[in-house]
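A short worksheet on the structure shown next.
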Protein chains: 2
Amino acid sequence: MRKRRRVMLADVAAEAGVSATTASYILNGRADEMRIAPATVTKVQAAVADLGYRPNRSARSLRTRRTATVGLVSDQIAGEQYGSSMLTGASLAARELDHLVVMGESGGDPELERLLIEEMLERDVDGVVYATRTARTVHLPEGLRGVRSVLLNCEDPDERLPSVVPDDEGGGRAAVATLLAAGARDVWVVGEDPVPEATAGPRRMAGIRAELATHDLDVAGLVRCDWSVTEGFEATSRWLADGGRADGLVCMNDRLAMGVYQALAEHGLRVPDDVSVVSFDGSALAGWLRPVLTSVELPFTELGALAVRRLLDPDDHVGTDSVPMRVRPGGSVRPV
Amino acid sequence: MRKRRRVMLADVAAEAGVSATTASYILNGRADEMRIAPATVTKVQAAVADLGYRPNRSARSLRTRRTATVGLVSDQIAGEQYGSSMLTGASLAARELDHLVVMGESGGDPELERLLIEEMLERDVDGVVYATRTARTVHLPEGLRGVRSVLLNCEDPDERLPSVVPDDEGGGRAAVATLLAAGARDVWVVGEDPVPEATAGPRRMAGIRAELATHDLDVAGLVRCDWSVTEGFEATSRWLADGGRADGLVCMNDRLAMGVYQALAEHGLRVPDDVSVVSFDGSALAGWLRPVLTSVELPFTELGALAVRRLLDPDDHVGTDSVPMRVRPGGSVRPV
DNA sequence: CTGAAAGCGCTTACAG
DNA sequence: CTGAAAGCGCTTACAG
């Protein structure tokens, strides 16, 4: 790949007038442990800088069985759906720990997933983050048995594994707290998760109920629909046509909320004057709507970063980390 | 990482009753070239399957200097902005060629970019894809000099390098052709690219003009604004307030078009009855708007895949590949 | 057609 | 405190 001959550890050692052993210890930060003379350390460091020495990782890995590399397999977290920020977070956290991310997407194909995991293990990644686009329960893939791994945005109820997920229940509480603070008392929820493995919906709902209960309230009603713009529009339109009314609406995601906005507008209801709306995701879309949608943010960058940090933390414990979801204020909640 | 002792080539050779040399040749598909007896091949393959042998890539890489790994450095192509599909495409294409993608995002920080490239080269990636979030001209980073690399979504005018970009000029022609076919004759363009390095805007504009010229037309006017919802809304509102009218609008991207929709609605103009609108990106947002926005799609998955294929194609030539942009029809262009 | 042996560039007991 | 030497698991001239 490079023009000039690559310089090796032996060259550095020669230049510094020491053995490869000594040079190696210094390069690996074991100078103190080995009580190497400070002058020797300096000489070696100078030689490294001088020759532009870069260690050959394959050679090192062959000995140490570590590659300073982490695998990240997912169904599909890139693509336009929010969630790709998990990659950004993972990449940054890996870099901070002197690692690089090897990624692969299976598109949900189990055979491809198996292949990707196998290829990663052949390359001796130091661990694997197993991520899903939507928050859900999963079964750890067979190929990851006995492999150091962290689940990202998912959990395996059958295994004791480290797992990193958003705190959807806390998010639900935060969403309702925002509405209650604005004086809303008649709170409806729009959206119902149809997939049994999905964890976001039920947990948000639990948080919503818990927070309402602190005011001796409960959910006033549920507008059932899946989490898409069209369904949000249609279900809400039907509800309004049937005389449905509320002073606070909690939408299960931002896309759905966009449909809700459209339905409210068609029925002559204004956000936030006639009804306050909060949502989940904190996606870019929330910022594009008018008024800007108040939304409880999914902390994807943080989730990705935390998963990698836990993967590389030798003292890490088994268990689930729930990362807080914060309200990103917009203009869709009526000011008190 | 794995519980049981890892099986090595020597085990396979022993089990098959041949030397490691012979087993290695067979594993590397050189059985024919070496004229190895079919029976021997069969025995070795059986042993491989039997023992579940997986080669140690680090050992192989140390000898061959190839890792079956490609680097993908970018400013930031994950995150919610469209463009993260380049990662999906790259990952899939790499897999098809028995490679894996090592990714890193610099967030635009040159020092971090340098580090990422260095780390990738230390790990002997077989080549590097250098990608940008927005289509633009770049200077090849110093660290990639002499390294096999392909530019993705960008071009270096000073270097003769392989490069993969969307065909924005063809996209511009396609956008206008759609409007002309619907009978539009008074075509305005909304959006103006403020960054001098950006290539999408000027190329689309060239295509727009070229296609209009086939009907002896030119752009009727330009509504200047950057490519955001808010600016699209405000600039279009001002234009309409000043009496601006058109029968066809070309928006430089989907977000901006969302603002245009809002402005048109506030002025009582209906899409597509009063004005036809086409846009660029083909993002999910286009599908969420009502009516669905007709948009010329940025082929991100294909771009990512093609970049990796070119990187790994030993016969690849230097030069730019322009990937076609196709119109994704919605309901924003008046049917004839 | 097949095998013994060297060597890829490191790390790490071990000896001094 | 420092160095000579073995060995990580492959590939590949080379010899037969």
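The sequence lines fix the lettering, A, B, ..., with proteins before strands; numbering per chain opens at 1.
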Q) Base, sugar-phosphate, or nothing: which does L9(B) touch, judged by heavy atoms less than 4.0 Å apart? A) base

Q) Any luck finding a side-chain donor-acceptor pair between S19(A) and T22(A) under 3.5 Å? A) yes

Q. NA contact type, T64(B), heavy-atom cut-off 4.0 Å: base, sugar-phosphate, or nothing?
A. sugar-phosphate

Q. Do the side-chain N and O atoms of E113(B) and Y130(B) include a donor-acceptor pair separated by under 3.5 angstrom?
A. yes

Q) How would you list, by chain and number, every residue that makes a side-chain hydrogen bond (donor to acceptor under 3.5 Å, both in side chains) with R309(A), sequence neighbours excluded? A) none

Q) So what does R66(A) hit on the nucleic acid, given a heavy-atom distance under 4.0 Å: a base, only sugar-phosphate, or nothing? A) nothing

Q: Applying side-chain hydrogen bond (donor to acceptor under 3.5 Å, both in side chains), name anything that partners R114(A), two or more places apart in sequence or on another chain.
A: E111(A), E118(A)

Q.
Let me confirm one number: the CG-CE distance from L306(A) to M86(A), rounded to the nearest 0.5 Å.
A. 12.5 Å

Q: State which residues pass ring pair (Phe, Tyr, Trp, His ring centres under 6.0 Å) with Y25(A); sequence neighbours excluded, sorted by chain then number.
A: none

**Q.** Start and end of chain B contact along DNA chain C [non-hydrogen atoms, under 4.0 Å]
**A.** dC1(C) to dG9(C)

Q: Tell me what T40(A) touches on the nucleic acid: a base, only sugar-phosphate, or nothing, going by heavy atoms under 4.0 Å.
A: sugar-phosphate

**Q.** Structure string for DNA chain D in dot-bracket form, Watson-Crick and G-U at under 3.5 Å, | interchain
**A.** |||.||||||||.|||

Q | DNA chain C: 5'-proximal contact among Y25(B) and L62(B) (nearest heavy atom) | A | Y25(B)

(Q) Show every side chain to side chain donor-acceptor pair (under 3.5 Å) that has at least one partner inside residues 35-52 of chain B, sequence neighbours left out. (A) none

Q: With side chain to side chain donor-acceptor pair (under 3.5 Å) as the test, would you mind laying out the steps for E105(B) and T88(A) before giving the verdict?
A: CA-CA 7 Å; E105(B) 297 195 321; T88(A) 300; 2.7 Å; yes

Q: Could you check A10(A) against I36(B) and say which one's nearest nucleotide on DNA chain C is further toward the 5' end?
A: I36(B)

